[in-house]
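Everything below concerns the one structure shown next.
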Amino acid sequence: MKNRELASIFEQMADLLEILGQDPFRINSYRKVARIVGDLTEDIEGLWKQGRVGELPGVGKNTAGRIDEYCKTGRITAHQELLKQVPAGLPELLDISGLGPKTIAKVWRQLEVTSLDELQQVIDDGRLAELPGLGQKKAKQIARGIVFRQKTAGRTPLGIALPIAEDLAEQLSRIAGVSRVEIAGSARRRCETIGDVDLLVQAGQGKKVIEAFTKFDGISEVLAAGTTKASVLLKEGFQVDVRVVSKKSFGAALAYFTGSKAHNVAVRGIAVDKKLKLNEYGLFKGERRIAGADESGIYSKLGLDFVVPEIREDRGEIQAAQNGTLPNLLEISDIRGDLHMHTTASDGTTTIEELAQAAKDMGYEYIAVTEHSGSSAIAHGLNAERLLEQIEKVRQADIRIKGIKILASAEVDILADGSLDYPPKVLDKLDLVTASIHSGLAGSAQKVTFRLLKAMESPYVDIIGHPTGRLLGQREAMDLDMAQIIATAAERQIALELNSHWVRLDLKDVHLRMAKEHGVKIALCTDAHSVEDLQNIRYGIWTARRGWLQASDVLNAKTAEELVEWVNARREARK
Ligand code: DGT
Ligand code: CA
Ligand code: CA
Ligand code: ZN
């Protein structure tokens, strides 16, 4: 689907217009189009072929013409023209968190900054901080944004890379002579971000597979192509490595290229201890191959229980596999409901009914509807009065829709001083309360940790939403004292969220494992803003497994009855 690329072109046009100080009306209209195209569940090219682009809300004649040009030629002239009006090094500055178009315009006009290097210079010599309206604090934030950008550059979120990898694997499997295709590498381990995608193909004739593969749509450059392997660059900007292997070595190659490298090294050490040799072709005793066609044969010949890809990180899994103590990891079927979702009442695009129906179709027993609270003005957060109306709507929907329990909940803002955005008597009307920080995330460790700890003192808070506030590749996690947060959550029996949207995955794997070890319950929620978003739960499941979570560690693996009991235990303590 081209939707994402088209959306980012419109987004960049809006940013460029803003840098150039042009018409706010046009800027807003481009941003709106970007959002609409980005949220679209249908393929924009498909709509275009059917002549239906004009039906999209907010798309006038002008915009429809630009979309038409893009679908025909892959580019938009107006976009190219705008790019010519700013120095070539400016657009990449937009990717730095804490640096928006208005500030970029300032540093360009007033300090003649035209590139990342020059931006770093004016930070270092203090001139950035001296700009009117900037200051030390903002300059520091931008400096951190640059470091963050450099750290994450070149890695793609799993939620972007995996659907593309799955599509490529599907196309590969349709090539004549191909009998098996697997995604390997970090994508198979379901890491939160992917350096490159590794695909493994089982086929007799490597050359033909490679020839067919390098002609796939969506490849912008063939970096290398031989008789058994190829590396290509996709238009999305990341690399894909394909390797063709024989049937008798497929399992050994899959194990090798799944990694992680640290896991492989440790497993090879066990082979050596047993006077065996392990490589990407098989497990060998002298010259004889004793395993290699499948991964399970290799683990079992080494005296290990099978280790699922998500935990192959050399974080204790090998010892557990030797001792027969590997955890029985969480599965999608363990999840009985989703406790974080937004409707049109705040910033979602769907209704309570649609969400409930979709959740029911997924086999869930319950959902909790959680709008934003008043201080999240951009997200149309609800003041107390509107929340009471929304609770009434939830109650009515719950009666109308059979077969699923709909809980009245809210995602309440944690304010600057750590207090909650609704008074106790309003919170008391909710079945469940999630509290989240949405502002001031760049504060010092002391400040942000204090805010969360303060919020956890409230007897009304059941879950802390997206605890660190990070957005993969866009915004750094809050500088929290995680050990203290986890200790307090354990003491007060408050659950921490694993926000399962692939751009958040917050908490992340290692923190989940810490939380589990301290007996803290984790709530796996999608933070859905549309019906489709409910499917993001799969990213949460994988991340939970990477954190060694079992069903017993998960709040929403409880039955509806058990969940209510869990909440009520805290309510009792309030009295
Ligand atoms: P990425 O691409 O950075 O997200 O991470 P991976 O894990 O996919 O790493 P990649 O693509 O460099 O290599 C794929 C797998 O191949 C890796 O997980 C383990 C294996 N591998 C690569 N290089 C080595 C190596 O030098 N030694 C061993 N034992 N395994 C390696
Ligand atoms: Ca890789
Ligand atoms: Ca690779
Ligand atoms: Zn939120």
Side-chain angles (χ1 to χ4, degrees), residues 151-158 160-162 164-165 168 182-200 229 231-232 234 238-243 245 252-272 277-281 309-314 339-342 346-348 368 370-373 375-376 378-382 409-414 421 433-439 441 455 463-473 475 478 497-501 503-504 506 523 525-529 533 546:
K151 261 196 323 216
T152 57
R155 295 195 71 81
T156 307
L158 182 68
I160 292 181
L162 187 65
I164 294 169
L168 290 173
E182 294 287 347
I183 297 169
S186 50
R188 183 163 182 244
R189 301 199 312 281
R190 311 306 191 202
C191 297
E192 60 195 32
T193 62
I194 305 300
D196 65 11
V197 166
D198 302 278
L199 297 173
L200 227 54
K229 55 184 181 186
S231 290
V232 303
L234 297 186
F238 60 88
Q239 186 179 326
V240 179
D241 294 343
V242 168
R243 295 178 184 83
V245 297
L254 184 57
Y256 182 88
F257 291 110
T258 295
S260 66
K261 197 168 158 183
H263 175 86
N264 288 354
V265 168
V267 173
R268 206 170 322 129
I270 291 181
V272 169
K277 194 178 86 187
L278 177 63
N279 58 30
E280 59 189 283
Y281 303 103
E310 293 95 319
I311 61 168
R312 296 185 193 169
E313 298 290 350
D314 194 22
L339 302 174
H340 188 166
M341 61 191 69
H342 301 266
S346 61
D347 61 346
T370 51
E371 307 302 355
H372 288 285
S373 64
S375 80
S376 283
I378 312 169
H380 304 291
L382 277 51
S409 182
E411 185 184 14
V412 185
D413 277 324
I414 297 171
D421 200 14
V433 173
T434 289
S436 310
I437 292 187
H438 288 117
S439 60
L441 290 91
I463 303 170
I464 295 292
H466 44 70
T468 76
R470 73 168 182 174
L471 298 175
L472 286 169
R475 186 171 71 204
M478 283 189 278
E497 184 181 51
L498 161 48
N499 191 299
S500 302
H501 193 293
V503 82
R504 291 191 182 268
D506 181 8
C525 307
T526 60
D527 197 354
H529 285 67
D533 283 353
R546 289 183 55 79

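Both counts, for ligands and for their atoms, begin at 1 and track the order of listing. Here, residue 1 is the first one in the sequence, and each next residue gets the next number. What you are looking at is a predicted structure, and each value in this text was computed from that prediction instead of being measured.
- The closest approach between T258 and ligand 1 falls below 4.0 Å for a heavy atom of the residue.
- Remark: side-chain polar atoms of D198 are not paired, donor with acceptor, to backbone N or O of A184 under 3.5 angstrom.
- Using modelled atom types and a 3.5 Å distance limit, the side chains of H529 and D347 yield a donor-acceptor pair.
- Comparing A184, S186, S260 by heavy-atom distance to atom 1 (P) of ligand 1, the nearest is S186.
- With ligand atoms numbered from 1 in the order given, ligand 1 contributes 28 (C), 29 (N) to contacts under 4.0 Å with heavy atoms of R268.
- Distances below 4.0 Å separate heavy atoms of D198 from the following atoms of ligand 1: 8 (O), 11 (O), 14 (C).
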Evaluation steps, side-chain contact (heavy atoms from CB on, under 4.5 Å), between R312 and R188: CA-CA 10 Å; R312 296 185 193 169; R188 183 163 182 244; 3.5 Å; yes

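- Those atoms of ligand 1 that come under 4.0 Å of a heavy atom in G195, given as number and element, are 1 (P), 2 (O), 3 (O), 4 (O).
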Step-by-step salt bridge (Lys or Arg N to Asp or Glu O under 4.0 Å) determination, K229 to D241: CA-CA 7 Å; K229 55 184 181 186; D241 294 343; over 6 Å; no

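- Ligand 1 places these atoms under 4.0 Å from at least one heavy atom of G185: 8 (O).
- The contact set between ligand 1 and I194, taken as ligand atoms under 4.0 Å from a residue heavy atom, comprises 4 (O).
- The number of protein N, O or S atoms lying under 2.8 Å from the Zn ion (ligand 4) is 3.
- Here the OG1-CD1 distance, from T468 to I437, works out to 10.5 Å after rounding to the nearest 0.5 Å.
- Rounding to the nearest 0.5 Å places OG of S436 at 9.5 Å from CD1 of I463.
- In this view, R268 satisfies the side chain to side chain donor-acceptor pair (under 3.5 Å) rule with no residue, not counting sequence neighbours.
- Interatomic distance, F238 CZ to I164 CD1, rounded to the nearest 0.5 Å: 4.0 Å.
- Looking at D196 against ligand 1, both its backbone and its side chain come within 4.0 Å, counting heavy atoms.
- Rounding to the nearest 0.5 Å places NZ of K261 at 15.0 Å from NE2 of H263.
- At a cut-off of 3.0 Å, D198 is counted among the residues with an N, O or S atom near the Ca ion (ligand 2).
- Atom 27 (N) of ligand 1 has its nearest heavy-atom neighbour, among R189, K261, R155, in K261.
- Every residue two or more places apart in sequence or in another chain that forms a side-chain contact (heavy atoms from CB on, under 4.5 Å) with V245 is listed here: L200, F250, A253.
- Under the salt bridge (charged side-chain N to carboxylate O under 4.0 Å, His left out) criterion, R546 pairs with E313, D509, not counting sequence neighbours.
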